[in-house]
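Take a look at the structure set out below.
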Amino acid sequence: MSLVIPQPPQATVPVAGSPDSFPVHRIYCVGRNYAAHAREMGSDPDREPPFFFTKPADAVVFDGATLPFPSATADLHHEIELVAAIGTGGSDIPVDRALEHVWGYAVGLDMTRRDLQQVAKDTRRPWDAGKAFDRSAPISPLVPASEIGHPNTGRIWVDVNGEKRQESDLTHLIWDVAETVAHLSALFELVPGDLIYTGTPEGVAAVGAGDTLSGGVEGVGTLTITYAA
Ligand code: MN
């Protein structure tokens, strides 16, 4: 038996300080995981259970990339996020065992065509066109938890063309990584290679062609991408 078309390439993320890379299975994203961002998006930041959406695995793009400006949007927003990478799968993972399933961490950008997301919200349609488009998941090199531990405090920020846009601290996450893994694993069987974008703090705003985004998470790394002029 053979494949009738060429095998699609396996999406991967580089591992920091190593020639190795991490194969990507799925990309899950948490909606509204910082209270101040929930408020700026018009939601009640009460501690309702987290909700999730997905991006395709091949939406990842690497640190240093210059990207074509996405199609079909006049309101492309940055969302800087801590990313957790699953190394051991499971279902119904209890909170107190959840971090054992996390292989490492990265800095990510959940790029969002906010105008298309708003149309989807207004018309009660899926978010895919707003969230799951090509190259919508820039990510820094992954760092193993065996080196940095499991960050639950530390500055998270992104600048655009050198000007501050988002700045917060991981302590402001509504659902921390362990709680997020526990909730997610009750909905989906987690598999080694899954990435979880854990949500963004306040300050989301638009970027345009020619802009450079530079962000990071203290203790994890930094991520810079540019949209071609
Ligand atoms: Mn997000």
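In what follows, every heavy atom counts, from backbone to side chain, and hydrogens, waters and symmetry copies are set aside. We count ligands from 1, going down the list as the structure has it; atoms in each ligand are counted the same way. Keep in mind it's a predicted model, so treat the numbers as computed, not measured. Counting from 1, the numbers follow the sequence of the chain as shown.
- If you look at Glu81 and ask which of its N, O or S atoms sits nearest the Mn ion (ligand 1), the answer is OE2.
- No donor-acceptor pair closer than 3.5 Å links the side chain of Lys131 to the backbone N or O of Phe53.
- Within Glu79, the N, O or S atom lying nearest to the Mn ion (ligand 1) carries the name OE1.
- Asp110 contributes atom OD2 as its closest N/O/S atom to the Mn ion (ligand 1).
- Side-chain N or O atoms of Trp175 include one that pairs as donor or acceptor with a backbone N or O of Glu48 at under 3.5 Å.
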List the atom pairs, donor and acceptor, that lie under 3.5 Å between side-chain atoms in residues 63-73 and the rest of the protein, sequence neighbours left out.
from	atom 1	to	atom 2	distance (Å)
Asp63	OD1	Thr224	N	2.7
Ser71	OG	Arg113	NH1	3.4
Thr73	OG1	Asp75	N	3.0
Thr73	OG1	Asp115	OD1	2.7
Thr73	OG1	Asp115	OD2	3.3

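- Salt-bridge formation is not detected for the pair Arg155/Asp169: no Lys NZ or Arg NE/NH1/NH2 atom is positioned less than 4.0 Å from an Asp or Glu carboxylate oxygen.
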